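Here's the structure we're looking at; comments come further down.
Heavy-atom basis, side chains included; hydrogens, waters and symmetry copies ignored. Note on naming: letters A, B, ... go to the chains in the order of the sequence lines (proteins, then strands), and numbering restarts at 1 for each one. Note that this is a predicted model, so its numbers are computed, not measured.
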There are 2 protein chains.
Amino acid sequence: MLDELHELVEARLRRTDQRYTAGRRAIIALLATAGNPVSITEIARGLPDLPRSSAYRNLVDLESAGVVRRVVAHDDFARFELAEDLTEHHHHLLCVACGKVTDVTLAARVERNLSAAIVEMAGAEGFRPHGHRLDILGLCSACA
Amino acid sequence: MLDELHELVEARLRRTDQRYTAGRRAIIALLATAGNPVSITEIARGLPDLPRSSAYRNLVDLESAGVVRRVVAHDDFARFELAEDLTEHHHHLLCVACGKVTDVTLAARVERNLSAAIVEMAGAEGFRPHGHRLDILGLCSACA
DNA sequence: CTACTTGCAAATGCTTTGCAGGAGA
DNA sequence: TCTCCTGCAAAGCATTTGCAAGTAG
């Protein structure tokens, strides 16, 4: 399961002559286990031996290899998650008070309607949609 | 039309003992005219006599007064727009190449379905939704 | 061996803040 | 006149980068 993921990541990195080093592997493992987008601070806490600068650089590389996606939350911290095609299509609950991000999925029927509406609407604007992100803003159970 | 907006903004600022000064008024007018979220850089260009530090401070105040909303795009620049209840509920086309943001609205039926699905789903997570934002990522007509 | 990576430290650049003077009510 | 606001300049702080040493293949 995790092994397959690692192989896939390695293959995508190879496409641009990038190597799947220990640090990168550790980041991917962390993201895969987290189940939520992870901030740099959390990465630093989870991987104390990985310098921040390396984490940043690795994340840039992983992002450009198409295996990691940057998520913008409501605080000032970048967060990262595995790319959509390595996980399930999902959306985020963003707590406006504490910045916490939780993954959620929408009912398939709603998601289908939404995608169709987006394609139609974007087309009318001459915009080529690659995907969408739906963030639900509010208060998490801890902050409510 | 713009006058009504100014009155409303002034009233909301008064609620927290804030004043509707020339700089703030200029920012609101600019946001109201723009029709798109506006970056600090664009504000600085549009209002050359307003120092950046004042713009930032004003935007913080306007945001906490509930008349302005911060929009996070895909580049490193904060963008701002009028709060939702001063405009129409809408979403954004985000160009991943140039960072351009375009306002769009979804068909009312889709929007209704979506809202209902969100309320239901968030409730199940113990999350209190205040609203949602839907960003459609892709390439604008200029970058395609 | 030849790139690609790493770690440290220094730099970048958007954003925030301290402080003294200015202005709204 | 009492606060709130402004402008400038000086931080703050997440993120990026230069460079020399390390390492994967």
Side-chain angles (χ1 to χ4, degrees), chain A residues 6-7 9-30 37-80 98-99 101, chain B residues 6-7 9-30 37-65 67-80 99 101:
Chain A
H6 282 311
E7 273 180 44
V9 171
E10 183 163 20
R12 293 208 189 163
L13 284 170
R14 281 244 180 73
R15 293 200 301 221
T16 47
D17 291 314
Q18 297 184 319
R19 295 164 189 168
Y20 199 28
T21 59
R24 295 176 182 179
R25 187 177 291 266
I27 289 175
I28 292 296
L30 199 160
V38 176
S39 66
I40 287 280
T41 312
E42 291 165 328
I43 292 176
R45 190 177 318 122
L47 307 173
D49 293 333
L50 184 69
R52 274 177 141 74
S53 65
S54 295
Y56 278 113
R57 258 193 289 227
N58 284 332
L59 287 163
V60 168
D61 296 337
L62 291 167
E63 191 178 11
S64 66
V67 290
V68 159
R69 179 168 82 158
R70 188 180 297 246
V71 176
V72 182
H74 241 202
D75 50 19
D76 287 328
F77 300 91
R79 285 157 193 265
F80 300 87
C98 70
V101 182
Chain B
H6 282 312
E7 273 180 42
V9 171
E10 183 163 20
R12 292 208 189 163
L13 284 169
R14 281 246 179 72
R15 293 201 301 222
T16 45
D17 290 313
Q18 297 185 319
R19 294 163 191 168
Y20 199 29
T21 59
R24 295 177 182 180
R25 186 176 292 265
I27 290 175
I28 292 297
L30 198 161
V38 176
S39 67
I40 286 279
T41 311
E42 291 165 328
I43 292 177
R45 191 178 316 123
L47 307 173
D49 293 336
L50 184 69
R52 273 178 142 73
S53 64
S54 295
Y56 278 113
R57 258 193 290 226
N58 284 333
L59 287 163
V60 168
D61 296 336
L62 291 168
E63 191 178 12
S64 65
V67 291
V68 160
R69 181 168 81 158
R70 188 180 298 247
V71 176
V72 182
H74 242 205
D75 50 20
D76 286 327
F77 300 92
R79 285 157 192 264
F80 299 86
V101 183

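Remark: A/E63 engages A/R70 in a salt bridge, criterion side-chain N to carboxylate O under 4.0 Å.
Of the listed nucleotides (D/dC5, D/dA14, C/dG7), D/dA14 has the atom at the smallest distance from the side chain of A/F77.
Side-chain contact between B/R25 and B/E10 is present, with at least one heavy-atom pair separated by less than 4.5 Å. Using a 4.5 Å heavy-atom threshold, the side chains of B/Y20 and B/V9 count as touching.
The distance from atom CZ of B/R15 to atom C1' of D/dC4 is 18 Å, rounded to the nearest whole Å. Atom pair A/L47:CG and C/dT6:C1' shows a separation of 15 Å (rounding to whole Å applied). Whole-Å rounding puts the A/L59 CG to D/dA14 P distance at 16 Å. Atom CG in B/D61 sits about 15 Å away from atom C1' in C/dG24, given to the nearest Å. D/dG7 atom P lies 6 Å from atom CG of B/L50, rounded to whole Å. Taking atom CD of residue A/Q18 and atom C1' of nucleotide C/dT6, one finds them 14 Å apart after rounding to whole Å. Counting to the nearest Å, the C1' atom of D/dA14 and the CD1 atom of A/I43 are 14 Å from each other.
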I'd like to know whether B/T16 forms a side-chain contact (heavy atoms from CB on, under 4.5 Å) with B/D61, so could you lay out the CA-CA distance, the side-chain angles of the two residues, the decisive distance to 0.1 Å, and finally the verdict. CA-CA 10 Å; B/T16 45; B/D61 296 336; over 6 Å; no
Going through the distances and angles, do B/I27 and B/V38 end up as a side-chain contact (heavy atoms from CB on, under 4.5 Å)? CA-CA 10 Å; B/I27 290 175; B/V38 176; over 6 Å; no
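Within the 4.0 angstrom heavy-atom criterion, only backbone atoms of the sugar-phosphate kind lie near B/N58; the bases stay farther away.
For the pair B/T16 and B/D49, nearest-nucleotide mapping onto DNA chain D gives the more 5' position to B/T16. In terms of position on DNA chain C, the residue among A/R24 and B/A78 whose nearest nucleotide sits closer to the 5' end is A/R24.
With A/R24 contributing its side chain and A/R19 its backbone, the two residues share a donor-acceptor pair below 3.5 Å.
B/R45 CZ to B/I40 CD1: the interatomic distance, rounded to the nearest 0.5 Å, is 12.5 Å.
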What string of B, S and - do you get for nucleotides 16-25 of chain D, 5' to 3', if B is base contact, S is sugar-phosphate-only contact and - is no contact with any protein heavy atom under 4.0 Å? BBBB---BB-
